[in-house]
Amino acid sequence: MTSPYVREITREEHLAHLRLHPDASHLQIPEWADVKPDWLAESVGWFEDGTRTATALVLYRPLPGTRRCLAYLPDGPTIDWLGPRPERLLDPLVAHLEKRGAFSVRIGPPVVVRHWDAGTVTAGLADPDVHHVRELPAAGVDGFALDAGERLRGLGWRRCAQDEDSGFGLGQPRYGCRIPLAGRSVDELREALAPHFEQSLRTAESAGVRVSWGTAADLPDFYRLYAATAARDGFRARPPAYFRRMWEALNAEDSDRLRLYLAEYDGEVLSAALMINVGSRVWHSYAGSGRRGRELRPSSALLWRMLCDARAAGAATYDLRSVTPSLTEDRLLGRLHFKTGAGGRVVEYLGEWERPVGLQGRVLQRALGVYLGRR
């Protein structure tokens, strides 16, 4: 068997591979490149004995004033991370990216290290002596994933810096929340709801909150609620053009890749969220709600409808995306309480890792950090 090598592939080759192996993150599909016009993009493939064995989307961020760039693979690459020799696949990737002018490579292995059941996290939220999910007993720990981190460190990769309390940094968050759907009935999903979420859902149902799919024409309503949520929760909202571009890009290849859900009462949209469908997984993204009608609990009705639709479509996992691991971070606790109340288990990923490339790699890494910090 020959050693694997990496080369550029066409968008069509990338899509063809994903149709056969639909386990990639939505951040690793070719369409995602069209959502990020500030980055240059390339689809790459791994080949062994003439056979394509894996693919990835690489995003390049040029460093102003140089001919070098950061190469970033968010939630990727999707390779065998639990095997004994990750360098066998990573070294040819780095070699290819160095030829493209990369001074640093940043990856996000899509590997879960440990997870906590919803009930355990709920109990932790109620215990004033518990400050972080890592202080709670994990429902599962993947030793192979832990070994993968040690092997990366031994190969010269280092974990990217993130705030230990919030779990957030410049890249993808290290902690998320997932609801397993495979093999579960609607009744089983409902029984798994926490009492506070079940009560909220009953309130919305009794009030007559209606949840439906939206179209591109409803994006302004969605954005109004998303921007209100950003202002309330203290994060910077993306501009409206970002979501128009996302709608067009993700639905270009598959008209059901991106859905918009709206929760309405008496003709007014009170809550909204996007659902991204890739393979056997869906992502709950950019949820927003206003202050009006909050007593009707429209967000609970919205998430419940989206969960049921994802299950009916055959999704195995409903990904609620990021949560804070801190149980004392007041600004973010409401989101954690809501997501675990819906039956979500908190997961800790292997995290993002970076490696300098070439003689000036470390110097340019620091320069890029300063540049991004000023933006």
Side-chain angles (χ1 to χ4, degrees), residues 118 121-122 124-126 131-133 162-177 194 196-197 199-201 203-204 207 209-212 214 218-244 246-247 258-276 283-307 318-342 344 346 375:
V121 178
T122 298
L125 285 166
H131 307 291
H132 197 282
V133 294
Q162 287 192 327
D163 186 295
E164 286 300 317
D165 288 331
S166 70
F168 297 100
L170 286 175
Q172 299 302 307
R174 188 171 168 185
Y175 292 86
C177 193
H196 70 86
F197 195 100
Q199 182 57 52
S200 294
L201 181 56
T203 296
V209 173
R210 186 173 67 89
V211 179
S212 60
D218 297 302
L219 286 174
D221 273 331
F222 156 79
Y223 190 80
R224 169 178 56 83
L225 297 168
Y226 159 75
T229 299
R232 186 172 64 246
D233 291 353
F235 64 87
R236 186 167 61 181
R238 295 186 180 277
Y242 179 87
F243 296 101
R244 292 194 297 269
M246 181 187 290
W247 184 271
L258 178 65
R259 295 182 188 175
L260 169 60
Y261 281 80
L262 307 169
E264 300 177 70
Y265 177 76
D266 198 21
E268 182 179 358
V269 179
L270 302 178
S271 182
L274 300 175
M275 177 196 281
I276 304 174
W283 286 262
H284 187 93
S285 299
Y286 297 107
S289 60
R291 294 194 179 278
R292 285 175 55 82
R294 295 186 74 180
E295 71 281 1
L296 302 177
R297 303 294 190 263
S299 295
S300 297
L302 185 81
L303 176 52
W304 176 246
R305 166 67 186 276
M306 294 172 75
L307 269 175
Y318 195 94
D319 195 320
L320 286 160
R321 305 211 67 194
S322 63
V323 293
T324 176
S326 169
L327 304 186
T328 58
E329 186 72 27
D330 291 342
R331 182 173 58 86
L332 301 172
L333 283 184
R335 194 180 308 173
L336 177 63
H337 191 59
F338 178 75
K339 292 180 179 182
T340 54
V346 172
R375 293 179 69 250

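In this chain, residues are counted from 1 in sequence order. We use all heavy atoms of the structure for the numbers below, so side chains are in, but hydrogens, waters and symmetry mates are not.
- What you find for Tyr175 and His132 is that their closest heavy atoms are OH-CE1, 3.7 Å.
- A donor-acceptor distance shorter than 3.5 angstrom exists from the side chain of Lys339 to the backbone of Leu320, with no hydrogens or angles considered.
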Between Arg210 and Arg305, does the side chain to side chain contact (heavy atoms under 4.5 Å, CB included) criterion hold? Intermediate values first, please.
CA-CA 10 Å; Arg210 186 173 67 89; Arg305 166 67 186 276; over 6 Å; no
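- Residues Tyr223 and Arg238 come closest through the heavy atom pair OH-O, 2.6 Å.
- Minimum interatomic distance between Leu260 and Ala272 (heavy atoms only, all atoms of both residues): CD1-CB, 4.4 Å.
- Counting non-hydrogen atoms of neighbouring residues, nucleotides and ligands closer than 6.0 angstrom, the CZ atom of Arg232 exceeds 12 such neighbours.
- A distance of 13.5 Å separates CH2 in Trp304 from OG in Ser200, rounded to the nearest 0.5 Å.
- A 6.0 Å sphere centred on NE2 of His131 holds more than 12 heavy atoms belonging to other residues, nucleotides or ligands.
- A pairwise comparison of heavy atoms in Tyr318 and Met306 identifies OH-CB, 3.2 Å as the closest pair.
- Within the 4.5 Å cutoff, no side-chain heavy atoms of Leu270 are placed close to those of Leu302.
- Under the 3.5 Å distance criterion, the side-chain polar atoms of Arg297 are left unmatched by any main-chain donor or acceptor of Thr203.
- In plain terms, the two heavy atoms of Ala230 and Ala237 that are nearest each other are CB-CB, 3.7 Å.
- For Asp233, the salt bridge (charged side-chain N to carboxylate O under 4.0 Å, His left out) partners at least two apart in sequence or on another chain are Arg335.
- In terms of heavy atoms, Ile276 sits closest to Ser285 at CD1-OG, 3.8 Å.
- Relative orientation of the Phe243 and Tyr286 rings is perpendicular, given thresholds of 30° and 60° on the angle between their planes.
- The shortest distance between side-chain heavy atoms of Val346 and Leu336 falls below 4.5 Å.
- Between atom CG of residue Leu296 and atom OG of residue Ser271 there is a gap of 11.5 Å, rounded to the nearest 0.5 Å.
- The CG atom of Leu225 sits 12.5 Å away from atom CZ of Arg291, with the distance rounded to the nearest 0.5 Å.
- In this structure, the side chains of Val269 and Asp218 stay at 4.5 Å or more apart for every pair of heavy atoms.
- You'll find the side chain of Phe338 reaches within 4.5 Å of the side chain of Ser299, heavy atoms only.
- Residue Leu303 holds its CG atom at 11.0 Å from OH of Tyr261, rounded to the nearest 0.5 Å.
- Atom CG of residue Leu258 and atom CH2 of residue Trp247 lie 5.5 Å apart, to the nearest 0.5 angstrom.
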